[in-house]
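I'd like to ask some things about the structure below.
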Amino acid sequence: MPKLSRRAFASALPLGLLGGSLFGGGMIEGASALAATPATAKAPVSVTPLAQIRIGRFTVTALTDGYADMPYDYFPGRTAAEVEQAAVAQSTARASGVRFLFNQYLVEDGERRILIDAGAAGSIGQTGQLPQALAALGLQPDQIDAVIVTHMHQDHMGGLILGGKNNYPKAELYIDRRDVAHWTDPAKRSGAPDYLQTSFKMADEVVRLYPRLQALDGEREIAPGVSIVDLTGHTPGHIGVRVEDGGQSLIMVSDMIFPVVHPGATDVFFLFEQDPAAAKAMRDRFFPRAASEGALIAATHMPFPGLGRVVADRGQMRWQVADWALQN
């Protein structure tokens, strides 16, 4: 019998979280994988990471579009050496920087399929895997009813317009009005650094290709049990999404939390952040509240599946990975 990855093995086990069911792991490409000969068993096994949790009546599936390594000098507020030292202390250091996952979340209640963010689609690092992840669930993009874009950075909306077309033709699209205004403003674009130009270009394409775009004004409910949370700071209209039912809840906080540096220090930022002061103020408010409430959080760039909690530990905030496997 071939040696399977832990994630592939876990896909056969019953899992749970917060009283609901959770199926983590992956799908091995080709039914012949289990019958592999010793020669073929040495080849890497291709795995599409998937993890599903139940929040009341909702099934929330964590997917990933891929990853990119962000250089250690991309974190204003600390020197590159300090960020690398923190990564070494956490046993997550890589020669090329801090690894960012690009996690997306599919929310289903039996009536609607809502996708939170659409991935970088090859515009950054090793990305472009979201269509494959959806296909592993037996879904095509035209089966998605709504897409919520947490903000208009390229790694959150690239998949919407890959190939210069509307890739979610039947979906309503939700983006905060402040982000739409910012990222489609020619004056803002002309004064922006080079590394943000792709986001400005993509924003124009999203507005052009998605006539059903709904620009949101503040916190509101998108569908029963699915609501917008204002997390302004990272961008002018940065939002999160709360999924809540049956006394359970999950908050998808997008770029509120970055690996290695958060939640331990709110005065460390990321290069792409538009308003560091506002981002710090939001994190100063959010992290203590999340810790006191024990909120279950999903974060775009944390290690897959991005599920965890902010906890207070001897006066310091730290990220605690959610113990999501093998729960009753």
Side-chain angles (χ1 to χ4, degrees), residues 70 73-78 83 86 98 100-105 116-117 120 124 148-157 174-185 187-189 191-193 195-196 198-200 202-203 206 215-220 222 227-242 250-293 295-302 306 308-310 312 316-319:
M70 300 298 173
D73 61 359
Y74 273 29
F75 299 86
R78 296 293 185 275
V83 176
V98 177
F100 276 27
L101 269 288
F102 298 97
N103 300 320
Q104 295 79 46
Y105 299 90
I116 304 174
D117 287 333
I124 301 176
I148 303 172
V149 175
T150 59
H151 60 290
M152 299 186 87
H153 278 157
Q154 65 189 84
D155 54 314
H156 297 260
M157 62 178 169
Y174 297 93
I175 310 175
D176 189 279
R177 186 178 301 279
R178 295 164 297 181
D179 247 40
V180 175
H182 177 89
W183 293 103
T184 58
D185 185 335
K188 295 284 196 307
R189 180 174 182 174
Y195 56 79
L196 291 177
T198 300
S199 295
F200 279 100
M202 283 186 176
V206 167
L216 300 170
D217 288 307
E219 298 186 347
R220 57 165 284 195
I222 295 297
S227 57
I228 298 301
V229 180
D230 185 5
L231 298 178
T232 304
H234 179 70
T235 68
H238 183 251
I239 58 174
V241 181
R242 184 190 298 271
L250 169 69
I251 307 174
M252 192 284 183
V253 300
S254 191
D255 287 12
M256 172 68 64
I257 297 176
F258 290 117
V260 176
V261 297
H262 294 146
T266 60
D267 61 339
V268 184
F269 311 104
F270 183 61
L271 183 67
F272 282 49
E273 239 152 18
Q274 266 69 62
D275 190 339
K280 181 182 186 304
M282 180 58 71
R283 291 180 177 116
D284 282 337
R285 293 194 299 272
F286 181 86
F287 290 165
R289 180 174 178 181
S292 67
E293 294 179 359
L296 179 62
I297 292 170
T300 300
H301 298 302
M302 298 301 275
R309 292 178 173 84
V310 175
Q316 295 292 321
M317 295 293 175
R318 65 175 176 85
W319 177 255

Can you sort out the partners of D117 under side chain to side chain donor-acceptor pair (under 3.5 Å), two or more places apart, ordered by chain and number? T150, H156

Holding to side chain to side chain donor-acceptor pair (under 3.5 Å), I want the full list of residues that pass it with E293, two or more places apart in sequence or in another chain. R289

Test your reading of the model: is there a side-chain donor-acceptor pair from R177 to the backbone of D217, 3.5 Å cut-off? no

Got a sec, which residues hit side chain to side chain donor-acceptor pair (under 3.5 Å) with T300, two or more places apart in sequence or on another chain? none

Between the CD atom in Q154 and the CD1 atom in I124, the distance rounded to the nearest 0.5 Å is 3.5 Å

Validation row: I239, H151 side chains within 4.5 angstrom (heavy atoms): no

Return the minimal non-hydrogen interatomic distance between W319 and P263, and the atom names on each side. N-CD, 3.4 Å

Which residues pass the side-chain contact (heavy atoms from CB on, under 4.5 Å) test with A181, sequence neighbours left out? none

Holding to side chain to side chain donor-acceptor pair (under 3.5 Å), I want the full list of residues that pass it with D176, two or more places apart in sequence or in another chain. R178

Under the ring pair (Phe, Tyr, Trp, His ring centres under 6.0 Å) test, which residues partner Y74, sequence neighbours left out? none

Less than 4.5 Å apart, any side-chain heavy atom of F258 and any of F100? yes

Give the minimum heavy-atom separation between A295 and I251, together with the two atoms involved. CB-CD1, 4.3 Å

Non-hydrogen side-chain atoms of H262 and F75 separated by less than 4.5 Å: no

Sequence neighbours left out, what passes ring pair (Phe, Tyr, Trp, His ring centres under 6.0 Å) with F272? Give chain and number order. H153, Y195, F270

Search all heavy atoms of I297 against all heavy atoms of A290 and return the closest pair with its distance. CD1-CB, 4.1 Å

Does the side chain of H238 come within less than 4.5 Å of M282's, by heavy atoms? no

What heavy-atom pair brings A86 and V260 nearest, and what distance separates the two atoms? CB-CG1, 3.7 Å

Check I148, V206, L216 against I175 for a side chain to side chain contact (heavy atoms under 4.5 Å, CB included) and give me the one that passes. V206

Shortest non-hydrogen contact from S199 toward M152: CB-O, 3.5 Å

CA sep, side-chain torsions, deciding dist, call: I228, Y174, side-chain contact (heavy atoms from CB on, under 4.5 Å): CA-CA 10 Å; I228 298 301; Y174 297 93; 5.6 Å; no

With sequence neighbours left out, what residues match R285 under salt bridge (Lys or Arg N to Asp or Glu O under 4.0 Å)? none

Sorted by chain and residue number, the side-chain contact (heavy atoms from CB on, under 4.5 Å) partners of D284 (sequence neighbours excluded) come out as T266, K280

A312 and A291 have their tightest heavy-atom pair at N-CB, 4.1 Å

Output for pair (I257 CD1, H301 NE2), nearest 0.5 Å, gives 11.5 Å

Rounded to the nearest 0.5 Å, how far does OH of Y105 lie from CE of M252? 5.5 Å

Using modelled atom types and a 3.5 Å cut-off, is there a donor and acceptor pairing between side-chain atoms of D275 and backbone atoms of P236? no

Going by side-chain contact (heavy atoms from CB on, under 4.5 Å), name the residues that satisfy it together with V229, two or more places apart in sequence or in a different chain. E219, L231, R242

With sequence neighbours left out, which residue pairs that include part of residues 262-274 fulfil the salt bridge (Lys or Arg N to Asp or Glu O under 4.0 Å) condition? R78-D267, E273-R283

What residues, two or more places apart in sequence or in another chain, satisfy side-chain contact (heavy atoms from CB on, under 4.5 Å) together with A192? L196, Q197, F200

